[in-house]
Chemist: 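Dropping the structure in here first, questions after.
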Protein chains: 2
Amino acid sequence: MDTQPDVEMIEWRSVCPISSGLDLLGDKWSLVIIRDLITHETRTYSELLSSPEHISTNILAARLRVLTTFGIIERVDPDGVARNNAFRLTRSGAALRPVLEQLATWSQTHLKRYHEAIVNVV
Amino acid sequence: MDTQPDVEMIEWRSVCPISSGLDLLGDKWSLVIIRDLITHETRTYSELLSSPEHISTNILAARLRVLTTFGIIERVDPDGVARNNAFRLTRSGAALRPVLEQLATWSQTHLKRYHEAIVNVV
DNA sequence: CCGCATCCGTTACGATACTG
DNA sequence: CAGTATCGTAACGGATGCGG
């Protein structure tokens, strides 16, 4: 019956901007979705599913809902039906690019000895 | 019986440096610990516990173990006993500072409308 | 078909009590 | 003080179903 079991609410652990950013984005999937939308501009649900990390369908749907709620992504056609209605970053979401760039730079430098296959491009 | 239930192993989801960074640091606590070690240089177990986000003891111990395993933090006295033996960032961990700075900047700009109490300092 | 929601087994997390 | 043991809860992951 209740199709929206998750109350889209976040418990802010503190007033610190770092912990608050992590309250919203500090999981293994949100920034992967945002990475895809940075590199591809627009991406449908099934295209996001086809990324090499293999997110599962329910997790993807939940993350897309949260990211939409907090104005980080949006539908390309705001009033269209879901089918083939891709997502894209809002201005706010696009502003996350420097965060991902810094993370990628760090990983390439400091993770290589633990994960040899890591590549040097985003 | 088995006191070390976690095999300190990471499943790298892909060769992407972003997803790989998140495989290691993509949770709600690791970067909070690193934030504390950036702002305080050294920090004991109980000092880390006293941060306003209130991490629980078992989670803190587990994160410290993983971060140590991957060379991001280390004991101030490598051969000393645990008691009052603080942690600090390694060179690798200190290199995460730009990631946190970018995240803090983003949060201050884009999270304020959802979390009014957010502060403007790291 | 595509975009989900639902069900369900497994894993991670969180609070608390407890030990060396 | 620095953790570990325990146990209840929430999140995840895969499979499946169903409407548009």
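Everything numeric in this text was worked out from a predicted model, so none of it was measured.
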Chemist: Take R83(A) and I55(B), find for each the nucleotide of DNA chain C with the closest heavy atom, and name the residue whose nucleotide sits nearer the 5' end.
Modeler: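 By nearest-heavy-atom nucleotide position, the 5'-most residue is R83(A).
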Chemist: To the nearest angstrom, how far is E11(A) atom CD from dC13(C) atom P?
Modeler: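 One finds 18 Å between P of dC13(C) and CD of E11(A), rounded.
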Chemist: Find the distance R43(A):CZ to dG3(C):C1' and express it as a whole number of Å.
Modeler: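 One finds 16 Å between C1' of dG3(C) and CZ of R43(A), rounded.
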Chemist: Within the pair R65(B) and dG3(D), is there a side-chain N or O less than 4.0 Å away from OP1 or OP2?
Modeler: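 Indeed not, no polar side-chain atom of R65(B) lies that close.
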Chemist: Without decimals, in angstroms, what is the distance between I73(B) CD1 and dA2(D) P?
Modeler: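 Result: 13 Å.
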Chemist: Rounded to the nearest 0.5 Å, how far apart are CZ of F70(A) and CZ of R113(B)?
Modeler: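 Rounded to the nearest 0.5 Å, the CZ-CZ separation comes out at 10.0 Å.
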Chemist: Under 4.0 Å from OP1 or OP2 of dC4(C): is there any side-chain N or O of T57(A) that close?
Modeler: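 Looking at the OP1 and OP2 atoms of dC4(C), neither is under 4.0 Å from any side-chain N or O of T57(A).
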Chemist: Consider the side chain of R75(A), meaning its heavy atoms from C-beta on, and name the nucleotide among dG3(C), dC4(C), dA2(D) that approaches it most closely.
Modeler: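 Minimum distance to the R75(A) side chain belongs to dC4(C).
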Chemist: Does R63(A) make a side-chain N or O approach to OP1 or OP2 of dC12(D) shorter than 4.0 Å?
Modeler: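 Result: yes.
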Chemist: Starting from P on dC13(C), measure out to CG on L64(B) and report it in whole angstrom.
Modeler: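 Atom-to-atom, L64(B) to dC13(C), this comes out as 14 Å.
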Chemist: Please say whether the positively charged group of R13(B), taken as NZ for Lys or CZ for Arg, lies over the ring of W29(A), i.e. under 6.0 angstrom from the six-membered ring centre and within 45 degrees of the axis.
Modeler: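 The answer is yes; both the distance and angle limits are met.
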Chemist: Can a side chain N or O of W29(A) be found less than 4.0 Å away from OP1 or OP2 on dC12(D)?
Modeler: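 For dC12(D), OP1/OP2 do not have a side-chain N/O of W29(A) under 4.0 Å.
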Chemist: I need the CD1-C1' distance between I33(A) and dC4(C), as an integer number of Å.
Modeler: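 Roughly 14 Å, once rounded to whole Å.
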Chemist: What nucleotide among dG14(C), dC4(C), dC1(C) has an atom nearest to a side-chain atom of I59(B)?
Modeler: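 Between dG14(C), dC4(C), dC1(C), the one nearest the side chain of I59(B) would be dG14(C).
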Chemist: Might you work through the side-chain hydrogen bond (donor to acceptor under 3.5 Å, both in side chains) test for S51(B) and D36(B), ending with a clear yes or no?
Modeler: CA-CA 8 Å; S51(B) 289; D36(B) 283 359; 2.4 Å; yes
Chemist: What I want to check is whether an N or O donor and acceptor connect the side chain of N58(A) with the base of dG14(D) at under 3.5 Å.
Modeler: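 Such a pair is found, so the answer is yes.
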Chemist: Closest approach to the side chain of S56(A), judged atom by atom: which nucleotide of dG3(C), dG13(D), dA15(C) is it?
Modeler: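 Ranking dG3(C), dG13(D), dA15(C) by closest atom to the S56(A) side chain puts dG13(D) first.
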Chemist: So, S19(B) and S14(B): side-chain donor and acceptor under 3.5 Å apart, yes or no?
Modeler: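 The answer is yes; a qualifying pair exists.
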Chemist: What's the CE-P distance between M9(A) and dA10(D), to the nearest Å?
Modeler: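 So the two atoms are 13 Å apart, to the nearest Å.
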Chemist: Report yes or no: does W12(B) contribute a side-chain atom to a donor-acceptor pair with the main-chain N or O of A117(A) at less than 3.5 Å?
Modeler: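 No; zero donor-acceptor contacts below 3.5 Å.
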Chemist: What is the distance, rounded to the nearest whole Å, between atom CG of D27(A) and atom P of dC13(C)?
Modeler: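 It is 12 Å, rounded to the nearest whole Å.
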Chemist: Distance check needed: dC1(C) C1' versus N84(A) CG, whole Å only.
Modeler: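 Going from CG in N84(A) over to C1' in dC1(C) covers 10 Å.
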